[in-house]
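I have placed the structure first, in the form of structure tokens, so that the comments after it can refer back to it.
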Amino acid sequence: MALQASPFPNRLVAGFHAVGWALVLPCFWSLSHIIAVCKSTTQEQAQRAEQECYLHPLKVFFGFIFFLILFVITVPLAFLGFLLWAPLQGCRRPFYYHREAPSSPERESHKGFELEGRASFGFATANLCLLPEGLARFNNLGNTHRRASAIGQRIVQGVCRPHIKIYVDSPSSCGTLSPSNSTLPAPNSKREASAGRQSQPPASRHGDSTERPVRVVPEACDETEVLLSETPNSNQNSNQQDKTRCRSAPRAFLSQGLHQKDDVPWEVSSLFPPNIDILCLEEVFDKRAAQKLTNILKPVFGHILYDIGVYACQPPCRCTSFKFFNSGLFLASRFPILKAQYHWFPNSRGEDALAAKGLLSTKVLIGKNQKQNKVVGYFNCTHLHAPEGEGEIRCLQLDMVTKWIGDFREENKQPDEEVVFDVLCGDFNFDNCSPDDHLEQNHHLFEEYRDPCRAGPGKEKPWVIGTLLGQPTLYDEDVNTPENLQRTLEIDEQRKQYISPPVPAAGSPLVYPETGQPWIGRRLDYILYRERSISKHCRTEIEEVTFITHLAGLTDHIPVGLRLNIIMDSDCVEE
């Protein structure tokens, strides 16, 4: 469908919808806060331990009475608003679209294919649990709107950093150090530059600056290279000192060069990777939280789809299913979105049936190649059925996802276009280690799309880290900051205390991990890519898989990042 800013066909319908929702909102808000005032997070419980014991019962009592009175008063208005709001959902398109005017045309395109026939693309996905305040607290998370603002600011902080490559030139060279955790300031931001200078460790901790000169490539480069070289006569025992300096390098410079197994570079990063091109977020159910995220992210990601999904009776005019919440999906892209299509899952049940979970498929314009043909990519994101023990429902949803992606591609492909990536990501709500998820683990989707973290059905690669945090321990000192969570995830014995364990099959005891295997835990968040659907002239290489701890204390999931290198055959890029 053609992308338009408003999901409604004209301003009159949009105005009636706004009035209807304005009448419903006070009742909805007061109901949410009735729950919130009675449900505390473990962080709030710890803070109350330092206060007088009688204060909390008084707050709960008077808060409950106040919000209950407000709820009763606003129910008649909400009923009238609902009568106006619900019928309008039949003509509503399934998302809002925000387009930010770019500062330059180059900002919305990728010059890699036009100049060299190769380019690098970064993707990230994260489940944010931005539910209404009362419901979010059942996941031990509160302050939904404040968290939305903090999440947006942290994402921008990480994404806007320069992409830096570091080389150590010494007899015991440690190899290439990855840029993705670099805290060096971006040259075009005075505020970030100041923060960056404060966060850099003193030179005396890692050797004198005269012994380790640093060279930075000019600002115009997409990637900054930093060369760390040793003075030959700096110390007679240079080999030993080189090794010490490699080990004591700033934590911000630890990289894929130090973490590579099974030919997949990977890392645990305390910051979002720099230069992410497309970002997919799940469980952004709260509309005001989605608007806050949009306002913060739009200077970086010029194309944003939010409030994705359907409401009220679905299908329209039939009461087979009523949707109180949208899909929770949120997509932010640096590249222009040419086409977008959304489908909701008709087979959800239980509490999941109240939300319009489904699949969002998009086609984005990357730029042009050396032959001046369009270069495009396909990006799909989803959020599957959540309750444990219902793998049949998720398998049917995976069948729908596979069909809908294929249909979308067939409807929108053009003969003169070069397709350079086909990515599927999101919260799949099953993992690759729980016996209870064996149906999903063997789904044929994984024959079409490649999962870089997967060794086979039911078996993860040894370096993989689970992405679902245990909710009761979200605010423990070991995991409540990005740096602490990063350190915890890198220690096997400590990690198992905070990552959710696998789910056993019904009636069978759980034996995990197998002898000689590492403890990984539940990985629900996936980024998959498909090679056979891209142009035959292109080949894909994994540059990096990243487990991101930047949102520690703000959500119960660990975001995941993937960077792909796309290389076009040399004989196909020549004029």
Side-chain angles (χ1 to χ4, degrees), residues 1-32 74-101 130-132 145 148 281 284-295 297-298 302-333 336-346 348 353-363 381 404 408 411-412:
M1 65 175 62
L3 298 186
Q4 300 183 21
S6 172
F8 298 100
N10 55 62
R11 293 184 178 180
L12 180 63
V13 176
F16 280 124
H17 177 269
V19 172
W21 180 246
L23 294 174
V24 172
L25 183 59
C27 181
F28 181 81
W29 181 85
S30 57
L31 178 61
S32 176
T74 56
V75 163
L77 291 176
F79 179 72
L80 294 176
F82 179 81
L83 294 179
L84 180 62
W85 172 84
L88 296 177
Q89 305 310 310
C91 61
R92 179 187 183 274
R93 289 185 292 268
F95 48 73
Y96 282 86
Y97 171 54
H98 176 86
R99 184 185 187 280
E100 190 78 2
L130 292 177
L131 289 155
H145 298 149
L281 306 175
V284 187
F285 290 113
D286 189 276
K287 294 182 179 181
R288 289 174 57 196
Q291 190 62 60
K292 286 178 179 289
L293 278 174
T294 300
N295 293 336
L297 296 179
K298 65 185 182 182
H303 303 268
I304 296 177
L305 300 178
Y306 65 99
D307 195 5
I308 300 167
V310 293
Y311 295 94
C313 292
Q314 297 299 328
C317 302
R318 294 170 57 189
C319 293
T320 56
S321 177
F322 193 94
K323 304 298 181 183
F324 287 92
F325 300 103
N326 59 30
S327 69
L329 297 175
F330 181 104
L331 186 140
S333 172
I337 301 175
L338 298 175
K339 298 288 182 179
Q341 189 175 69
Y342 163 81
H343 295 275
W344 58 278
F345 297 129
S348 296
L354 302 178
K357 289 184 177 180
L359 172 76
L360 176 69
S361 298
T362 62
K363 177 182 177 182
C381 49
W404 290 336
F408 179 77
E411 293 170 6
N412 294 284

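These numbers come from a predicted model, not from an experiment.
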**Prompt:** Under the side chain to side chain contact (heavy atoms under 4.5 Å, CB included) criterion, do N412 and L338 qualify, and how do the steps go?
**Reply:** CA-CA 9 Å; N412 294 284; L338 298 175; over 6 Å; no

**Request:** For the pair E411 and Q341, evaluate side chain to side chain contact (heavy atoms under 4.5 Å, CB included) and give the outcome as yes or no after the intermediate values.
**Result:** CA-CA 11 Å; E411 293 170 6; Q341 189 175 69; 3.6 Å; yes

**Stepwise side chain to side chain contact (heavy atoms under 4.5 Å, CB included) check, F95 with D307** = CA-CA 5 Å; F95 48 73; D307 195 5; over 6 Å; no

**Request:** Go through the steps for V310 and Y342 under the test side chain to side chain contact (heavy atoms under 4.5 Å, CB included), then give the verdict.
**Result:** CA-CA 9 Å; V310 293; Y342 163 81; 4.2 Å; yes

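Taking both residues in full, the closest heavy atoms of L329 and G358 are given as CD1-O, 3.9 Å, listed atom of the first, atom of the second, then distance. The minimum heavy-atom distance between S348 and A353, with the atom names listed, is O-CB, 3.7 Å. Residues N326 and A355 come closest through the heavy atom pair O-CB, 3.7 Å. The two atoms that bring C91 and V13 nearest to each other are SG-CG1, 3.8 Å, heavy atoms only. The two residues A289 and L130 have their closest heavy-atom pair at CB-CD1, 4.1 Å. The heavy-atom pair separating L84 from G20 by the smallest distance is CD2-N, 3.7 Å.
Not counting sequence neighbours, the partners of S361 by the side chain to side chain donor-acceptor pair (under 3.5 Å) test are N380. Under the ring-ring contact (aromatic ring centres under 6.0 Å, His included) criterion, W404 pairs with H343, F345, not counting sequence neighbours. Annotation: ring-ring contact (aromatic ring centres under 6.0 Å, His included) contacts of Y96 (sequence neighbours excluded): Y306. Remark: A86 engages F82, A312 in a side-chain contact (heavy atoms from CB on, under 4.5 Å) (not counting sequence neighbours). Every ring-ring contact (aromatic ring centres under 6.0 Å, His included) that F324 has, sequence neighbours left out, goes to F322. For R288, there are no salt bridge (Lys or Arg N to Asp or Glu O under 4.0 Å) partners, not counting sequence neighbours.
With rounding to the nearest 0.5 Å, the separation of CZ in F16 from CG in N10 is 10.0 Å. For the atom pair L293 CG and D286 CG, the distance stands at 10.0 Å (nearest 0.5 Å). Note that CZ of F330 is 5.5 Å distant from CG of L297, once rounded to the nearest 0.5 Å. With rounding to the nearest 0.5 angstrom, the NZ atom of K323 is 10.0 Å from the NZ atom of K357. Between T362 atom OG1 and I337 atom CD1 the span is 5.5 Å, to the nearest 0.5 Å. Between L305 atom CG and T294 atom OG1 the span is 9.5 Å, to the nearest 0.5 Å.
Judged by distance alone, with hydrogens and angles left aside, the side-chain atoms of R93 form a donor-acceptor pair with the main-chain N or O of F8 at under 3.5 Å.
Between F325 and P132, some side-chain heavy-atom pair lies under the 4.5 Å cut-off.
Checking C381, S327, P7 one by one against I308, the side chain to side chain contact (heavy atoms under 4.5 Å, CB included) holds for a single residue, S327.
In this structure, K287 forms no cation-pi arrangement with F28, as its terminal cationic atom is not both closer than 6.0 Å to the ring centre and no more than 45° off the ring axis.
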